[in-house]
Amino acid sequence: MNTAANIVVALVALIHVYILVLEMFLWTRPTGRRAFGLTPEFAEASKVLAANQGLYNGFLAAGLIWGLILGAAGGPVKLFFLGCVLVAGLYGAATASRKILYIQALPALVGLVLLGLAG
């Protein structure tokens, strides 16, 4: 079960690295606008805010990667950062887009459950 938990943690980290790239570097480009359903005007006007969001997603990814690097000692770190991702995903689903529930919150919840089963 520990291997499955670590795979999910790594997947959640990769998702957040991808979100970082979308928000920090591709926000005003067609790929970023398409991912978030933005008009060119809105994307341009909000690019600084999006870059800030992307940075926070990068911190979530970094924390999860840190937990993985720590190996067996990283359990509490992974639990903390998955909890942060879950809360952010629930908040985002409630306030921005329901699809965040499936992209962010659900994978974090699966990781938390698997970590609980492994521990």
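Throughout, numbering of the chain's residues begins at 1 and tracks the sequence.
- Across Leu86 and Ala108, no two heavy atoms sit closer than the pair N-CB, 3.8 Å.
- Sorted by first and then second residue, the salt bridge (Lys or Arg N to Asp or Glu O under 4.0 Å) pairs involving residues 54-81 (not counting sequence neighbours) form an empty list.
- To the nearest 0.5 Å, atom CD1 of residue Ile100 and atom OG1 of residue Thr95 are 6.5 Å apart.
- Scanning for side-chain contact (heavy atoms from CB on, under 4.5 Å) contacts around Ile15 gives Leu11, Ile19, Ile103, Pro107, with sequence neighbours left out.
- For residues 96-118, there are no salt bridge (Lys or Arg N to Asp or Glu O under 4.0 Å) pairs, not counting sequence neighbours.
- Following chains of ILVMFWY side-chain contacts shorter than 4.5 Å, one cannot reach Met24 starting from Leu49, and the two form parts of different hydrophobic clusters.
- The two atoms that bring Ala43 and Thr28 nearest to each other are O-CG2, 3.6 Å, heavy atoms only.
- Taking the side chain as every heavy atom from C-beta outward, Leu60 and Cys84 approach each other to under 4.5 Å.
- Note: the hydrophobic cluster containing Val9 also contains Tyr102 (ILVMFWY, side chain heavy atoms under 4.5 Å, direct or indirect links).
- Applying the salt bridge (Lys or Arg N to Asp or Glu O under 4.0 Å) test to residues at least two apart or on different chains, the pairs with a partner in residues 30-53 are Glu44-Lys47.
- Listed by chain and number, the residues in a side-chain contact (heavy atoms from CB on, under 4.5 Å) with Leu26 are Val21, Leu22, Arg29, Thr31 (sequence neighbours excluded).
- Among pairs with a residue in residues 60-95, none fulfils ring pair (Phe, Tyr, Trp, His ring centres under 6.0 Å), at least two apart in sequence or across chains.
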Donor-acceptor contacts, no H, no angles, side chain residues 111-118, under 3.5 Å, sequence neighbours left out:
none

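- For residues 3-51, the set of pairs meeting the ring pair (Phe, Tyr, Trp, His ring centres under 6.0 Å) definition, not counting sequence neighbours, comprises Trp27-Phe36.
- Other residues sharing a hydrophobic cluster with Ile7 under the 4.5 Å side-chain heavy-atom criterion for ILVMFWY residues do not exist; the residue is a singleton.
- The heavy-atom pair separating Val17 from Ala61 by the smallest distance is CG2-CB, 3.7 Å.
- Tyr56 is not connected to Val12 by any chain of hydrophobic side-chain contacts under 4.5 Å among Ile, Leu, Val, Met, Phe, Trp and Tyr, and they are in different clusters.
- Taking both residues in full, the closest heavy atoms of Ala13 and Ile65 are given as CB-CG1, 3.9 Å, listed atom of the first, atom of the second, then distance.
- One hydrophobic cluster, built from ILVMFWY side chains closer than 4.5 Å, holds both Val110 and Leu79.
- Between the side chain of Asn57 and the backbone N or O of Gln53, at least one donor-acceptor pair lies under 3.5 Å.
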